[in-house]
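Just so it is clear: chains get the letters A, B, ... in the order the sequence lines come, proteins before strands, and each one is counted from 1. What you see below is based on every heavy atom in this structure, not just the backbone, and it leaves out hydrogens, waters and symmetry mates.
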Number of protein chains: 2
Amino acid sequence: MHGSAERSAEHAHAEPAPAGHACAHDRSEGGCAACKVRLVSVCAALTSEELAGLEALSQHVHLDPRQALFQQDDRAGAVYNVTEGALRLSRLLPDGRRQVMGFALVGDFLGLALPERFTVTAEALAPTALCRFEKGAFAGLVTRTPHLLQRLYERAGHELTLAQDHMMLLGRRTAEEKVASFLLGLRARYGRIGHESITVELPMGRQDIADHLGLTIETVSRMLTRLDREKAILIVPGGVRLMDIPRLEGLAAN
Amino acid sequence: MHGSAERSAEHAHAEPAPAGHACAHDRSEGGCAACKVRLVSVCAALTSEELAGLEALSQHVHLDPRQALFQQDDRAGAVYNVTEGALRLSRLLPDGRRQVMGFALVGDFLGLALPERFTVTAEALAPTALCRFEKGAFAGLVTRTPHLLQRLYERAGHELTLAQDHMMLLGRRTAEEKVASFLLGLRARYGRIGHESITVELPMGRQDIADHLGLTIETVSRMLTRLDREKAILIVPGGVRLMDIPRLEGLAAN
DNA sequence: CGGAAAGTTGAGGGAGGTCAACATCGGTGG
DNA sequence: CCACCGATGTTGACCTCCCTCAACTTTCCG
């Protein structure tokens, strides 16, 4: 099921640029200062000189749907900033059971902890564009730029509280609560990146949602159907419209 | 069930020192340089001058079993380093369901993310001693000491991968796997702080384990009994002796 | 020694998993 | 343009793992 079609772009980079090409002219269209994710991303911590330093390191990467950016346990050679699209971050147990640790949306940073090896597999859910920073160079910039380190640290702290929220969800909530909570959380995230709407796009499949919430695909489907039947949501192609947010918030209960 | 006996030492600090006293003479017995948790803690990043700076900020706090150090949503006025004992870090849902996010052992750092408010409640499981650092002063030291910030950042990254491990456990493992994994994980942690042994102390109760693993107290008890019956472990007063570690590792499966 | 708290064990039930059939959707080629 | 096909999602029937409820035992302290 994890066929060779999902080869890692991280590997590809070492080879003569088959996918994920990172040629110099790729970063000629405006640069970091004009980057539309700058204000929502970790780059907001930087002065314009620092930004220039960052830009010198940046490369653009594009992924097709289902293409992997990197695999769990790959040596981490770079960090990334998502500028377009969405990715699934997952871990596999030896027997194939999967846990989706989260979804990276526009503005999200991958490789935050600067780990030796990636702790998750990152795969594109849609056509996705990223800013790539060579890890060594980025680490150098970080040590020279306490601002940036501070910002990364704050971000890591934030990730940690999100992880705690999700542990609460996985350990102590019912299936219906999990699904309601997931939809509200996703809506809030879209809101923060400027796409405030009652309609929540779901670029991930039902299986991805199930593996994220610690459920099966059937249970996710049933809960969505139930919420739809009860007029709390409306299932639409490619997403869900939240019809009764107070009710959903009651279910999410936090 | 969460009676007034569990009042927060964080509150107590503002009042005229009822519990958790932090008088100057409390830090006269050796200081940070002689601190036995120094090498396993975040302080290992510091030079001896920096250590002196840290020491000037430090206060000793002692907690009795069941006493709270701080509560979820308390304004975070300090960070802590555990020097003795153990604490339970938990979160409560409005309806009383509880998730234990983890247990802090000797050498562990509380308030790592320097949050505005604590995201968990911390309660002592045994007589516990901590080093307390006023948050403002600590934050000041951090900005003046890139070493330390770097170290905190690494630590936060490590916490993040631990959180991911635990999400995998909560979302995708069976009760037996959860318990086996928990025991092995605890043993590994004790090992890292110098208490390598086949016998794992369990300073927390069954309910705490259950709330950590997303199970009920009865299921935890049954799984321990089953592992005992199968000679994988031996239940002893106050803990568990791991009799067949390969078998436990097979169950934990990762 | 006595009472409360903590832990264990058993019986029964239910939320969610499993298995299987069916529906829907999107792409591809005739 | 539509028939076909595989992938994805939905629905139903049944089952099982874990939860619930309850009784009992053990441990911990005063």
Side-chain angles (χ1 to χ4, degrees), chain A residues 1-3 5-6 64-66 88 95-99 123 125-127 169-180 182 201-230 233-240 251, chain B residues 1-3 5-6 64-66 88 95-100 125-127 169-180 182 201-230 233-240 251:
Chain A
M1 62 167 30
H2 271 262
E6 302 186 18
D64 294 324
R66 327 211 62 207
R88 178 216 306 148
D95 63 5
R97 282 177 288 179
R98 194 177 67 157
Q99 176 69 35
E123 292 152 307
L125 295 167
L169 178 145
L170 290 170
R172 285 293 178 238
R173 304 186 108 115
T174 66
E176 190 173 37
E177 291 170 347
K178 286 176 176 180
V179 171
F182 171 69
E201 275 196 42
L202 297 176
M204 69 294 288
R206 297 290 190 266
Q207 185 66 60
D208 296 330
I209 299 175
D211 287 344
H212 185 46
L213 303 180
L215 298 172
T216 60
I217 186 174
E218 293 95 332
T219 300
V220 170
S221 186
R222 275 187 257 269
M223 293 304 137
L224 287 172
T225 306
R226 181 196 291 182
L227 290 172
D228 183 304
R229 221 178 13 241
E230 294 170 351
I233 67 172
L234 185 69
I235 299 174
V236 298
V240 149
L251 287 173
Chain B
M1 60 162 36
H2 270 263
E6 300 185 18
D64 294 323
R66 328 211 57 200
R88 178 216 306 148
D95 63 5
R97 282 177 288 178
R98 194 178 67 158
Q99 176 69 36
V100 170
L125 294 167
L169 178 146
L170 289 170
R172 285 294 177 237
R173 303 186 107 112
T174 66
E176 190 174 37
E177 291 170 346
K178 285 177 177 182
V179 171
F182 170 69
E201 275 197 41
L202 297 175
M204 69 295 287
R206 298 289 190 266
Q207 185 66 61
D208 297 329
I209 299 175
D211 287 344
H212 186 46
L213 302 180
L215 299 172
T216 60
I217 187 173
E218 294 96 330
T219 300
V220 169
S221 186
R222 274 187 257 271
M223 292 305 136
L224 286 172
T225 305
R226 182 197 292 182
L227 290 173
D228 182 304
R229 215 172 26 233
E230 293 170 352
I233 68 172
L234 185 68
I235 299 174
V236 299
V240 149
L251 286 173

Item to complete: Using whole Å, report how far CZ of A:R66 lies from P of D:dG6.
Response: 16 Å
Practice prompt. Can you tell me the distance, in whole Å, between the CG atom of B:L202 and the P atom of C:dT8?
Written response: 10 Å
Worksheet item: Between A:T225 and D:dT11, does any side-chain N or O lie under 4.0 Å from OP1 or OP2?
Response: yes
Fill in: A:E201, CD atom: more than 12 neighbouring heavy atoms under 6.0 Å
no
Discussion item. Check this for me: does the side-chain of B:R222 come within 3.5 Å of the base of D:dT20 through a donor and an acceptor?
Written reply: yes
Worksheet item: If you find the nucleotide of DNA chain D closest to A:R172 and the one closest to A:M204, which residue's nucleotide is nearer the 5' end?
Response: A:M204
Practice prompt. Find which nucleotide of DNA chain C each of B:T219 and A:A175 is nearest to by heavy atoms, and output the residue with the more 5' nucleotide.
Written response: B:T219
Discussion item. Rounded at 0.5 Å granularity, tell me how far CD in A:E176 sits from CG in A:L224.
Written reply: 10.5 Å
Worksheet item: Of all the choices, C:dG17, D:dT20, D:dT10, which nucleotide is nearest to the side chain of B:T216 once you look at every atom?
Response: D:dT20
Worksheet item: Is there a donor N/O on one and an acceptor N/O on the other, under 3.5 Å, for the side chain of B:E218 and the base of D:dC18?
Response: no
Worksheet item: For A:E177 and A:L213, what are the C-alpha separation, side-chain angles and deciding distance, and is it a side-chain contact (heavy atoms from CB on, under 4.5 Å)?
Response: CA-CA 10 Å; A:E177 291 170 347; A:L213 303 180; over 6 Å; no
Worksheet item: Roughly how far, to the nearest 0.5 Å, is the CE atom of A:M204 from the NE2 atom of A:H212?
Response: 8.0 Å
